[in-house]
Amino acid sequence: MIPKYQAYTLQNLQMIPQIQQLPQAIQFDLQVVGQVYPFRTNNYVVEELINWDNALNDPLFTLTFPNKEMLIPAHYEQMASVIRENASTAEIEAIANKIRLQLNPHPAGQIEHNIPNLEGNPLKGIQHKYRETVLFFPSQGQTCHAYCSFCFRWPQFVGISDMKLASREVDALIQYVSKHPEVSDILLTGGDPLIMKTRVLATYIDALLDANLPHLKTIRIGTKSLSFWPYRFTTDLDAEDLLTLFAKVTQKNKHLAVMAHFNHPRELQTDAVREAIKLIRETGAQIRTQSPLLAHINDQPEIWSEMWKVQTELGCIPYYMFITRDTGAQHYFGVSLVRAWEIFKNAYQGVTGLARTVRGPSMSTTPGKIQILGVGQVKGEKVLVMQFLQARNPQWVRQPFFAKYDEKATWLDKLEPFGEESFFFET
Ligand SMILES: *Cc1c(COP(=O)(O)O)cnc(C)c1O
Ligand code: SF4
């Protein structure tokens, strides 16, 4: 039988029989919080990933279903009261937008800093932050098979983004890259580019292959499809074409890197995902894995070591553990930097060298990706030791630096430099 994609949103939630079994108050919370954050899940997530016997404590339920605590009480009450009053859609949307604007919708200076120029014209849908890698946001790939409740790109999905990241303009991308010989990697990202039909994706990939750019070595595709809709690679009508397209890239001697987003080992357990991983690897592509560290979903070292072990067993390469960004429901999903380092360290100690390709925990900040190396002591005083894994200025990478120890800090902006006026990269 070929599984057919069925999306669930707030409008058709009642089609999920298990939802009707949940307490009324929880169903109401879903309606309230789902007005603010984008909500979407699907039949694979509902039937294959979630443990409905313990839904309210289930990490895979929390992965796509919003809950009350994702809003601070004041915001929750604002939205709950208009819904109780049966306010009009327009009123609800107005309140939703007001709340959203208070949730730091554009973290890490994405708007101001990273849009490149071609002969003086800004290139929409392209970001060039780190020397070797250009990000491309194909316009038809700016949604996902389901939405993560912690998504840092959530403003794109609720239409309040003025980032205008999405682009159809593969020609501009090629022109830009051809003028930048330092670029070896193009990362197609979104949303999820694999939401696109293969023939649409192929227009981008074929153009890149045909452009004959010898310095372009790697095409990366950032995707959550292995986790949210593995049938994209197995039984969907254009699944075979997708694998053929992947094989074409590797046959042209370009490295194809599938940057797969997995948050929990259960996402690696179904027959469908295992079949999909096998088929992708047979095309010559490599799968590298990454995830943020999330309270209520994966904030235990055992979860991470299990995830990295299984990934390595299946031939995937563990790549990044991220710190939850300072946007949206960070107050709910965030883990302190110190705790993040402890979780990373304990998980890392439990896996073989082959899984120690993973780096983290890492914060994607305006100056770059900052790894927490750990807690140290300088002259009897505790410090946080950090380094850049990626930086706006390549010279900053792997230069250790210190911050005053702060057990509660969840992001760089909460940290103070140790022994100096400012961090070295601020001067
Ligand atoms: C993470 C990231 C990249 C890729 O960095 P790698 O360390 O090469 O994986 C590129 N651009 C941006 C904006 C990123 O955040
Ligand atoms: S897959 Fe990525 S872009 Fe899509 S909802 Fe999840 S975090 Fe957001």
Side-chain angles (χ1 to χ4, degrees), residues 7 37-42 45 62-66 105 107-111 113-116 126-137 141-158 161 163 165-166 182-195 217-229 232 255 257-264 267 286 288-292 294 297 317-325 327-329 333 357-360 362-371 387-392 394 396-398:
Y37 297 109
F39 166 69
R40 176 186 172 116
T41 191
N42 68 50
V45 176
T62 308
L63 179 62
T64 61
F65 285 86
Q110 297 206 60
I111 307 174
H113 293 297
N114 304 321
I115 312 282
I126 299 178
Q127 274 186 21
H128 191 188
K129 179 166 175 179
Y130 306 133
R131 188 174 55 194
E132 289 80 13
T133 306
V134 164
L135 271 52
F136 184 63
F137 296 76
Q142 300 311 308
T143 180
C144 302
H145 287 103
Y147 291 144
C148 307
S149 44
F150 55 81
C151 177
F152 71 100
R153 294 224 163 109
W154 62 273
Q156 276 178 256
F157 306 138
V158 294
S161 177
M163 288 201 283
L165 283 175
E182 73 278 17
V183 173
S184 59
D185 292 37
I186 289 177
L187 169 56
L188 304 180
T189 185
D192 186 340
L194 295 185
I195 199 93
K217 306 294 183 196
T218 301
I219 297 176
R220 306 192 202 181
I221 302 175
T223 184
K224 179 94 185 153
S225 295
L226 276 166
S227 164
F228 280 162
W229 192 253
R232 181 71 190 87
H255 178 45
V258 174
M259 310 304 292
H261 177 185
F262 288 109
N263 309 113
H264 192 278
E267 293 164 288
Q286 288 286 5
R288 290 181 178 75
T289 60
Q290 53 195 23
S291 167
L294 302 151
I297 293 183
I317 305 170
Y319 192 60
Y320 273 133
M321 175 203 269
F322 294 117
I323 306 267
T324 310
R325 292 201 197 209
T327 179
F333 291 112
T357 47
V358 68
R359 287 152 319 140
S362 168
M363 272 182 285
S364 298
T365 68
T366 307
K369 283 191 172 69
I370 298 178
Q371 179 184 27
Q387 71 175 3
F388 281 96
L389 292 170
Q390 262 307 352
R392 191 173 287 294
W396 298 345
V397 172
R398 285 206 151 241

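Keep in mind the model is a prediction, meaning the values are calculated, not measured. Both counts, for ligands and for their atoms, begin at 1 and track the order of listing. Side chains included, hydrogens not; waters and symmetry mates left out as well; all remaining heavy atoms used.
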Student: Work out which heavy atom in Cys144 is nearest to a heavy atom in Phe157; give both atom names and the distance.
Tutor: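 Heavy atoms of Cys144 and Phe157 come nearest at SG-CZ, 3.8 Å.
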Student: Judged by atom type as modelled, is there a donor-acceptor pair below 3.5 Å linking the side chain of Arg153 to the main-chain atoms of Gly190?
Tutor: yes
Student: Under a strict 4.0 Å criterion on non-hydrogen atoms, which protein residues are in contact with ligand 1?
Tutor: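 Only Lys129, Tyr130, Thr133, Leu135, Arg220, Tyr319, Tyr320, Lys369, Gln390 have heavy atoms that fall under 4.0 Å of ligand 1, ordered by chain and number.
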Student: Give a yes or no on whether the ring-centroid distance for Tyr147 and Phe39 is below 6.0 angstrom.
Tutor: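 Aromatic pair excluded; centres sit 6.0 Å or further apart.
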Student: Leaving waters out, which protein N, O or S atoms fall under 2.8 Å from atom 6 (Fe) of ligand 2?
Tutor: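 Near atom 6 (Fe) of ligand 2, below 2.8 Å, one finds Cys148 SG.
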Student: Would you say Ser149's side chain and Leu63's backbone share a donor-acceptor pair under 3.5 angstrom?
Tutor: yes
Student: With heavy atoms of Gly191 as the reference, note each atom of ligand 2 found under 4.0 Å away.
Tutor: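 Listed by number with element: 3 (S).
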Student: Would you indicate whether the side-chain heavy atoms of Gln127 and Phe137 approach each other to under 4.5 Å?
Tutor: yes
Student: Going by the rule salt bridge (charged side-chain N to carboxylate O under 4.0 Å, His left out), which residues pair with Arg288 if we only count those two or more places apart in sequence or in a different chain?
Tutor: none
Student: List in chain and number order the residues that pass ring pair (Phe, Tyr, Trp, His ring centres under 6.0 Å) with Tyr130, two or more places apart in sequence or in another chain; answer none if no residue qualifies.
Tutor: none
Student: Quick one: which of Thr189, Asp185, Ile186 gives a side chain to side chain contact (heavy atoms under 4.5 Å, CB included) with Arg220?
Tutor: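 That would be Asp185; it is the only one of Thr189, Asp185, Ile186 passing the side chain to side chain contact (heavy atoms under 4.5 Å, CB included) with Arg220.
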Student: So that I can tick it off, tell me whether Lys217 and Glu132 are bridged by a salt bridge, with the cut-off set at under 4.0 angstrom between side-chain N and carboxylate O.
Tutor: no
Student: Report the residue from Val358, Leu389, Thr357 that forms a side chain to side chain contact (heavy atoms under 4.5 Å, CB included) with Tyr320.
Tutor: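 Output: one option passes, namely Leu389.
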